[in-house]
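Note that the structure is predicted; figures quoted are calculated from it, not measured.
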Amino acid sequence: MPRPPHDVVCNNPDCAMDMFEVHHSHEMPDDVGVDDYTCPYCGSDDLEEIWPA
């Protein structure tokens, strides 16, 4: 069963992205987390998981 989606905010003050969700498939390894992603809008890696915390 896939993990629940993660609600993520980008902490780059110049970014226009408010929030986005990361959805994981069945094949996604359990050790992959928000730190492995970048913002799809500005490319920043300063992301913060706000749910589930």
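- Interatomic distance, Y41 OH to D14 CG, rounded to the nearest 0.5 Å: 10.5 Å.
- I50 has its side chain within reach of M19: a pair of non-hydrogen atoms, C-beta onward, lies under 4.5 Å apart.
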**Study point:** side-chain contact (heavy atoms from CB on, under 4.5 Å) between L47 and C39, intermediate numbers included
**Key:** CA-CA 7 Å; L47 303 178; C39 176; 3.9 Å; yes

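- Proximity of P40 to M17: side-chain heavy atoms (C-beta onward) are separated by under 4.5 Å at one or more points.
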Point to revise | Full working for side-chain contact (heavy atoms from CB on, under 4.5 Å) between V8 and V34 | key: CA-CA 8 Å; V8 179; V34 173; 4.0 Å; yes

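- The nearest pair of heavy atoms linking P5 to W51 is O-CZ3, 3.2 Å.
- The side chain to side chain donor-acceptor pair (under 3.5 Å) contacts involving residues 27-38 comprise S25-E27, where partners must be two or more places apart or lie in separate chains.
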